[in-house]
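Numbering of ligands and ligand atoms starts at 1, following listing order. Each residue takes its place number in the sequence, starting with 1. Computed from heavy atoms alone, side chains included, the values below leave out hydrogens, waters and symmetry copies.
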Amino acid sequence: MNSKQPVTVIGLGPMGQAMVHAFLDKRHRVTVWNRTASRADALVERGAVLAGSVEEALAANELVILSLTDYDAMYAVLEPASHALTGRVLVNLSSDTPEKTRAGARWVTEHGGIHLTGGVTVPPAGIGHPESSTFYSGPRAPFESHRPTLEVLSGTDFRGEDPGLAALFYQIGMVMFWTSMLGYWQAVALAAANGLSAADVLPHATETMTSMPSFLSFYSARIDAGEHGGDVDRLAMGMASVEHVLHTNADAGVDTALPAAVVDIFRRGMDAGHATDSFSSLVQLMKKTTA
Ligand SMILES: NC(=O)c1ccc[n+]([C@@H]2O[C@H](COP(=O)([O-])OP(=O)(O)OC[C@H]3O[C@@H](n4cnc5c(N)ncnc54)[C@H](OP(=O)(O)O)[C@@H]3O)[C@@H](O)[C@H]2O)c1
C-alpha cells in the first residue's frame, strides 16, 4: 500500500501543474481542481484524480495546496465551499501582500481550517528540487507535521508563526527580482537599438549581475551600522552616472521611463543634502514615509 500522504492541489497554472507533477513523481496520490478543468488533462493522464467540485477536492484530503494567482482568487474559489474547510490544512502558495495573507489566514481559521502561508522563490522548473526554497509561516506544529510532504516541492524555510512573514520575505525578494529584470530588459532594448542581440550582451549582463552579491554584503554591514560615508562612492558621482545612462537611452531612442525614475530618486537624494555621502544614503530617503 502507498504510505505517502495524499494531497489535494487547487489551481493548475504553470506552478500548480509543476507541483502536481512533483507529487506524482514521488508517488503521492493527488486530487486536483481548477476553474478551467481542461488544464488537468495531462495530469489526469498521469494518474491525478480530477475532483468534480471544490467541495470534493477539499473533502478528499487533509492537506490542500492552493496555487492561485492571488488571495482574491482564493476567496473566489473557496467562499462557495467554505463549510468544507473544517479540519483542512491549507497551504496557500498563492502570492499576495503580507496584510492580505494575514486576513486570509484569519478567514480560513474562522472557517475551521488551518492556514499556512507560503512564498515560492523559484519558477515552475525549480519545483521538485530540494535546492529550491519556499518561505513558510503560520502555526508551527502543522507545518512540522506536513514538512516532509512539502519538501517534495522544494526546500522549506520556516520564518515564524505570523502568517504575513512568508509573504513579507517573498515580497522582499520580488521587489529586487522585478526591478533587476526590468534593468535587464532596458539593457537589452538599448543593445538592440545599437544592433546588438540579447545573446551578444549576455556575457556582460551576466558578469554585471554576478558582481551584485559583493555589493550587497559590503553595503548591508554599513547600512546596519548607520554608515553612509562617501569614502568609496559619492552620490554626486552616481548622479552624473545615472544621467549618462538616461541620455544614452534617450539618444538611442528607446523608452526612458525606467532610467528617468532612477535619475529622479538620485536627484531627491541630492536635494536632501546627500551629495557627498554614499549612494546607500538613498535607503534613508526610501525609509521615510510620505508623512
Ligand atoms: N510562475 C512563476 O514563475 C511563479 C514563481 C513564484 C511564485 N509564483 C506564484 O505562484 C502562484 C501561481 O503561479 P502561476 O504562474 O501558476 O499563476 P497563474 O498563471 O496566475 O495561475 C494560477 C491559477 O489561478 C487560477 N485563478 C486565477 N484567478 C481565479 C479566479 N478568480 N477564480 C478561480 N481560479 C482563478 C487560474 O485558473 P484558470 O486556469 O482557470 O485561469 C490558475 O489555475 C502565483 O501567486 C504566483 O505569484 C509563480
Side-chain angles (χ1 to χ4, degrees), residues 7-24 30-46 48-58 64-82 84-85 90-105 107-108 115-138 150-157 159 163-182 184-185:
V7 56
T8 288
V9 177
I10 294 179
L12 301 175
M15 199 45 112
Q17 295 202 23
M19 289 173 181
V20 175
H21 281 299
F23 282 126
L24 292 172
V30 189
T31 300
V32 297
W33 185 88
N34 194 54
R35 175 178 61 180
T36 309
S38 59
R39 294 183 98 171
D41 290 352
L43 304 170
V44 169
E45 259 179 48
R46 282 202 64 198
V49 174
L50 177 63
S53 65
V54 178
E55 284 94 331
E56 236 181 83
L58 290 171
V64 178
I65 309 278
L66 281 189
S67 180
L68 299 164
T69 307
D70 53 22
Y71 274 55
D72 285 347
M74 171 187 81
Y75 295 117
V77 170
L78 295 184
E79 242 162 9
S82 58
L85 285 170
L90 218 72
V91 180
N92 197 340
L93 301 178
S94 320
S95 57
D96 217 313
T97 67
E99 280 312 309
K100 283 212 169 188
T101 62
R102 289 183 183 112
W107 182 80
V108 170
H115 183 278
L116 291 168
T117 311
V120 183
T121 64
V122 292
I127 295 298
H129 299 282
E131 64 277 16
S132 300
S133 186
T134 300
F135 294 119
Y136 288 97
S137 66
L150 297 175
E151 283 179 344
V152 170
L153 303 179
S154 72
T156 59
D157 186 353
R159 304 309 309 186
L165 280 174
L168 174 66
F169 274 85
Y170 177 79
Q171 295 302 341
I172 285 170
M174 290 317 287
V175 69
M176 296 178 64
F177 175 79
W178 290 125
T179 53
S180 307
M181 289 305 290
L182 267 184
Y184 175 58
W185 302 156

For this session: Mind checking the CD1-CE spacing from Ile10 to Met74? Nearest 0.5 Å is all I need.
Result: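 The CD1 atom of Ile10 sits 11.0 Å away from the CE atom of Met74.
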
For this session: For ring-ring contact (aromatic ring centres under 6.0 Å, His included), just list the numbers for Trp107 and Tyr71, CA-CA rounded to whole Å, side-chain angles, deciding distance to a tenth of an Å, and then say yes or no.
Result: CA-CA 11 Å; Trp107 182 80; Tyr71 274 55; 9.9 Å; no

Problem set entry | Distance-only donor-acceptor check, side chains Thr134 and Ser154, under 3.5 Å |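 On atom types as modelled, these side chains qualify, holding a pair under 3.5 Å.
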
For this session: Please identify each residue that fulfils side chain to side chain donor-acceptor pair (under 3.5 Å) with Ser67, with sequence neighbours left out.
Result: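 Ser67 satisfies side chain to side chain donor-acceptor pair (under 3.5 Å) with no other residue.
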
Give every pair formed by an N or O atom of ligand 1 and a protein N or O atom closer than 3.5 Å, one pair per line with both atom names and the distance to 0.1 Å, or write none.
| from | atom 1 | to | atom 2 | distance (Å) |
| --- | --- | --- | --- | --- |
| ligand 1 | 16 (O) | Pro14 | N | 3.3 |
| ligand 1 | 16 (O) | Met15 | N | 3.0 |
| ligand 1 | 20 (O) | Thr69 | OG1 | 2.7 |
| ligand 1 | 24 (O) | Thr69 | N | 3.3 |
| ligand 1 | 24 (O) | Thr69 | OG1 | 3.4 |
| ligand 1 | 31 (N) | Arg35 | NH1 | 3.4 |
| ligand 1 | 32 (N) | Arg35 | NH1 | 3.4 |
| ligand 1 | 39 (O) | Asn34 | ND2 | 2.9 |
| ligand 1 | 39 (O) | Arg39 | NH1 | 2.7 |
| ligand 1 | 40 (O) | Arg35 | NE | 3.0 |
| ligand 1 | 40 (O) | Thr36 | N | 3.1 |
| ligand 1 | 40 (O) | Thr36 | OG1 | 2.5 |
| ligand 1 | 41 (O) | Arg35 | NH2 | 2.9 |
| ligand 1 | 43 (O) | Leu12 | N | 3.0 |
| ligand 1 | 43 (O) | Gly13 | N | 3.3 |
| ligand 1 | 43 (O) | Asn34 | OD1 | 2.6 |
| ligand 1 | 45 (O) | Leu68 | O | 2.9 |
| ligand 1 | 45 (O) | Thr69 | O | 3.0 |
| ligand 1 | 45 (O) | Ser95 | N | 2.8 |
| ligand 1 | 45 (O) | Ser95 | OG | 3.0 |
| ligand 1 | 47 (O) | Ser95 | OG | 2.6 |

For this session: Begin from the C-alpha positions of Asp41 and Leu50 and carry the test side chain to side chain contact (heavy atoms under 4.5 Å, CB included) through to its verdict.
Result: CA-CA 9 Å; Asp41 290 352; Leu50 177 63; 5.9 Å; no

Problem set entry | Atom CE of Met174 with >12 non-hydrogen neighbours under 6.0 angstrom |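 Counting neighbours around CE of Met174, more than 12 heavy atoms of other residues, nucleotides or ligands fall under 6.0 Å, so yes.
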
